[in-house]
Peer 1: 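The structure that follows is given in the form of structure tokens.
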Amino acid sequence: MQEILELSNQLPLEVLQDINQRIGDWLAMDGKDDDPYIEQQLRFAKRFIVSQ
């Protein structure tokens, strides 16, 4: 999650909000912040940045 925070200034607000919502929903359903789903969101953020 720290890495996502570090990349946040490179992401459009809409993308950041989407990632935040997805992670928030995941955690609300008893997901853990070190689950592979969080890594998936990080990979998405990195791919988005590279594609810009």
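Please read these numbers as outputs of a predicted model, since none were measured by experiment.
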Peer 1: When you look at Ile4 and Asn20, which way does the side-chain contact (heavy atoms from CB on, under 4.5 Å) test go after all the steps?
Peer 2: CA-CA 10 Å; Ile4 293 173; Asn20 185 55; over 6 Å; no
Peer 1: Rounded to the nearest 0.5 Å, how far apart are CG of Asp33 and CD of Gln2?
Peer 2: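 Rounded to the nearest 0.5 Å, the CG-CD separation comes to 11.0 Å.
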Peer 1: Do Leu7 and Leu16 have side-chain heavy atoms sitting under 4.5 Å apart?
Peer 2: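 With C-beta onward as the side chain, the pair stays apart.
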Peer 1: Just by distance, do the side chain of Asp25 and the backbone of Arg22 share a donor-acceptor pair under 3.5 Å?
Peer 2: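 Checking the backbone N and O of Arg22 against the side chain of Asp25, no donor-acceptor pair under 3.5 Å is found.
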Peer 1: In Å and rounded to the nearest 0.5 Å, what is the CG to CD distance from Leu11 to Gln52?
Peer 2: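 The distance works out to 9.0 Å.
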Peer 1: Going from CE on Met29 to OH on Tyr37, what distance comes out if it is rounded to the nearest 0.5 angstrom?
Peer 2: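 The OH atom of Tyr37 is 8.0 Å from CE of Met29, to the nearest 0.5 Å.
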Peer 1: CD1/Ile38 to NZ/Lys32 distance, rounded to the nearest 0.5 angstrom?
Peer 2: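 Answer rounded to 0.5 Å: 11.5 Å.
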Peer 1: So Leu42 and Lys46, do their side chains get closer than 4.5 Å, heavy atoms only?
Peer 2: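 Yes - at least one pair of side-chain heavy atoms lies under 4.5 Å apart.
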Peer 1: Near Glu3 CD, under 6.0 Å, is it more than 12 heavy atoms from other residues, nucleotides or ligands?
Peer 2: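 Counting neighbours around CD of Glu3, 12 or fewer heavy atoms of other residues, nucleotides or ligands fall under 6.0 Å, so no.
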